Colleague: 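Sharing a structure with you now.
Note that the structure is predicted; figures quoted are calculated from it, not measured.
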Amino acid sequence: MSTCVAIAVITFRRPALLRGLLTSLQAQELAPGSDYSVRIVVVDNDAEGSAAQVLREFGRGTPYPIESVVEPEPGIPFARERSVELCWNDDALIFVDDDEVAPPGWLQTLLQAWETTGADVVTGPVKGNLPPGAPQWNAYSDVHDSTGRHTTGEELRKAYTNNTLVSRRVYHAVTPGFHPAFRYTGSSDLHFFLRVHRAGFRIVWCEEACIAEDVPEARTTLRWLVRRAFRSGSGDTISRLLIRPGVISYVLVLAYASARVISAFGLALAGLLLGRKTHLLKAVRRFFSGVGSLAGIVGINHDEYRERHGAEHSADGGGVVPRDLDGGARPGAAELAAEGDASLADHPDARLP
């Protein structure tokens, strides 16, 4: 029997980017004799179903069939959980973002790494393509480019959903996967993969399975860099405290956050003395990541995606993330777990293996 693999895409009102991604996915070629059955699953997080027009362009006759649904409940965790639900019976699912483009050979490389390593999760780098006129610091920073951070075969403690294959045994065991507390802040994927690692599953890096991303102009400013660093730090803290609440965890994250803030000053000093802009940039990122980590201790995060979804409050708010297991839920929230399982509002962090 063929090995069934689904490529999972969540999208929200980005038709041109979605079109580019789907075009690149349909152009992927598998090695002769490969025994894979590949399909694409698109979850449109726009209640109005705005992705439908693009999806109609990829009708019958495409190499890989496309299944699509609308998830009207706004928020990345809900869309991701729906994609897992739709891929429940596949042997593996591959998460990619709707603003990415897969180069030739990407899919075959990722699948081959899965075969040869026997890993439960295989993740690869994302290479950011900068827009014309982007400020110079973007070019010598790795903030948009994760290539070269790890070596092929290296085992990791975490991953993200921007270029990652997940075996069925993983999402069957760690379920529900994506916590609604991260509805507008991001980091639900970090929280998921931290739990995956804690459950004993192997996460392996594949440097050759690289995917590309066009960086929008709005993400080339220092203001964006500061906000992203803050959100990443806060998301990391909140994730770890949700997974393992208690005094010890609070002490550990406080020590980690404080160390990042202090080390940022050391990097800044080294950058000034040596004249290295890379050190200064890392100092900025590390400082605001540490500040975000401290803010996460009291549940504060930056609602980066709130404004995109037309929610009540501005994305500048930096709202408090609820600390209970109903975090992020709203009246009428969709029931996204598999039939017969607890809903996302009854998230089983306390029962993690």
Side-chain angles (χ1 to χ4, degrees), residues 6-23 25 39-59 65-88 93-100 161-162 171 175-189 191-192 216 218 231 235 301-322 325-339 341-347:
I7 303 176
V9 182
I10 66 172
T11 188
F12 180 77
R13 297 182 184 176
R14 300 205 282 193
L17 294 173
L18 178 62
R19 182 181 294 109
L21 170 64
L22 294 178
T23 299
L25 293 180
R39 66 192 185 104
I40 301 170
V41 173
V42 177
V43 176
D44 185 0
N45 203 203
D46 181 8
E48 297 178 2
S50 57
Q53 182 175 352
V54 173
L55 294 171
R56 282 194 290 268
E57 300 173 14
F58 298 87
I66 298 177
E67 178 182 352
S68 64
V69 298
V70 172
E71 174 45 61
E73 184 66 26
I76 293 174
F78 297 93
R80 283 184 179 144
E81 195 68 31
R82 175 59 65 86
S83 67
V84 171
E85 178 185 323
L86 294 171
C87 303
W88 193 254
L93 68 84
I94 300 172
F95 287 108
V96 295
D97 289 343
D98 66 348
D99 57 353
E100 296 175 331
T161 54
N162 51 12
Y171 53 84
T175 184
F178 300 100
H179 201 301
F182 302 98
R183 175 193 289 263
Y184 297 125
T185 63
S187 297
S188 63
D189 53 350
H191 177 251
F192 171 69
R231 180 179 73 79
N301 203 344
H302 168 49
D303 294 345
E304 183 171 352
Y305 302 104
R306 181 182 293 274
E307 192 171 60
R308 287 187 57 211
H309 282 276
E312 302 171 333
H313 305 292
S314 166
D316 297 334
V320 176
V321 176
L325 295 184
D326 292 334
R330 297 291 186 274
E335 297 286 326
L336 301 182
E339 185 176 354
D341 290 344
S343 73
L344 278 178
D346 180 29
H347 207 278

Colleague: Any side-chain heavy atom of Trp88 within less than 4.5 Å of one from Leu93?
Modeller: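 No. Closest side-chain heavy atoms not under 4.5 Å.
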
Colleague: Do His179 and Pro77 have side-chain heavy atoms sitting under 4.5 Å apart?
Modeller: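 The answer is no; the side chains never approach within 4.5 Å.
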
Colleague: So, does Asp46 use its side chain to make a donor-acceptor pair with the main chain of Phe12 at under 3.5 Å?
Modeller: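 Side chain of Asp46 to backbone of Phe12, a donor-acceptor pair under 3.5 Å: no, none is there.
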
Colleague: Search all heavy atoms of Cys87 against all heavy atoms of Tyr171 and return the closest pair with its distance.
Modeller: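 Shortest heavy-atom separation between Cys87 and Tyr171 comes out as O-OH, 3.0 Å.
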
Colleague: Starting at CD of Glu57, measure out to CG of Leu18 and round the result to the nearest 0.5 Å.
Modeller: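 Rounded to the nearest 0.5 Å, the CD-CG separation comes to 9.0 Å.
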
Colleague: Checking the side chain of Glu100 only, and the main-chain atoms of Asp97 only, is there a donor and an acceptor separated by less than 3.5 Å?
Modeller: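 Present.
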
Colleague: Let's go through Asn45 and Thr11 carefully: what are the C-alpha distance in whole Å and the side-chain angles of both, what is the deciding distance for side chain to side chain contact (heavy atoms under 4.5 Å, CB included) to 0.1 Å, and is it a yes or a no?
Modeller: CA-CA 6 Å; Asn45 203 203; Thr11 188; over 6 Å; no

Colleague: Could you list the residues that satisfy side chain to side chain donor-acceptor pair (under 3.5 Å) with Ser188, not counting sequence neighbours?
Modeller: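 Once residues adjacent in sequence are excluded, the partners of Ser188 under the side chain to side chain donor-acceptor pair (under 3.5 Å) criterion are Arg80.
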
Colleague: Quick check: closest heavy atoms across Ala6 and Val41, and the distance to 0.1 Å?
Modeller: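 The answer is CB-CG2, 4.3 Å.
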
Colleague: For Val96, does its backbone N or O pair with a side-chain atom of Asn162 as donor and acceptor, under 3.5 Å?
Modeller: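 Flag not set: sc Asn162 to bb Val96 has no pair under 3.5 Å.
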
Colleague: When rounded to the nearest 0.5 angstrom, what is the spacing between CG in Leu25 and CD1 in Ile40?
Modeller: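 Reported to 0.5 Å precision, the distance equals 4.5 Å.
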
Colleague: Under 30°, 30 to 60°, or over 60°: which ring-plane class applies to Phe95 and Phe178, parallel, tilted or perpendicular?
Modeller: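 Phe95 and Phe178: perpendicular rings.
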
Colleague: Within the supplied structure, the quantity of interest is the number of heavy atoms (other residues, nucleotides, ligands) at a distance under 6.0 Å from Gln53 CD; does it exceed 12?
Modeller: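 Open.
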
Colleague: As a quick check of understanding, evaluate side chain to side chain contact (heavy atoms under 4.5 Å, CB included) for Glu48 and Arg13, giving each step before the final call.
Modeller: CA-CA 10 Å; Glu48 297 178 2; Arg13 297 182 184 176; 4.2 Å; yes

Colleague: Quick one: pull up CZ in Arg14 and CG in Asp99 and give me the separation to the nearest 0.5 Å.
Modeller: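 Answer rounded to 0.5 Å: 4.5 Å.
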
Colleague: In Å and rounded to the nearest 0.5 Å, what is the CD1 to CZ distance from Ile66 to Arg56?
Modeller: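 Output value for this atom pair is 13.0 Å.
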
Colleague: For Arg183 and Pro74, indicate whether the former's side chain and the latter's backbone hold a donor-acceptor pair under 3.5 Å.
Modeller: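 Flag set: sc Arg183 to bb Pro74 pair under 3.5 Å.
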
Colleague: What closest approach, in Å, do Arg19 and Thr23 show between heavy atoms, and which atom pair accounts for it?
Modeller: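 It is O-OG1, 2.8 Å.
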
Colleague: Checking Asp44 side chain against Ala51 main chain: does a donor-acceptor pair fall under 3.5 Å?
Modeller: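 At least one qualifying donor-acceptor pair exists.
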
Colleague: Heavy atoms only: give me the nearest Val70-Gly49 pair and the separation to one decimal.
Modeller: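 For Val70 versus Gly49, the nearest heavy atoms are CG2-CA, 3.9 Å.
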
Colleague: If you take all heavy atoms of Gly235 and Phe182, which pair is closest and at what distance?
Modeller: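 Reported closest heavy-atom pair: O-CE2, 4.2 Å.
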
Colleague: Got Leu22 and Val42 here, is their nearest side-chain heavy-atom distance under 4.5 Å?
Modeller: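 Leu22 vs Val42: side chains touch.
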
Colleague: Could you walk me through whether Val9 and Val43 pass the side chain to side chain contact (heavy atoms under 4.5 Å, CB included) check?
Modeller: CA-CA 6 Å; Val9 182; Val43 176; over 6 Å; no

Colleague: Hey, could you give me the CD1/CD1 distance between Ile10 and Ile76, rounded to the nearest 0.5 Å?
Modeller: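 One gets 5.5 Å once the value is rounded to the nearest 0.5 Å.
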
Colleague: Looking at Thr161 and Asp189, what are the two nearest heavy atoms and their distance?
Modeller: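 Minimum heavy-atom separation between Thr161 and Asp189: N-OD2, 3.1 Å.
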
Colleague: Please determine whether salt bridge (Lys or Arg N to Asp or Glu O under 4.0 Å) holds for the pair Arg82 and Glu73, giving the CA-CA distance in whole Å, both sets of side-chain angles, and the decisive distance to 0.1 Å.
Modeller: CA-CA 10 Å; Arg82 175 59 65 86; Glu73 184 66 26; over 6 Å; no

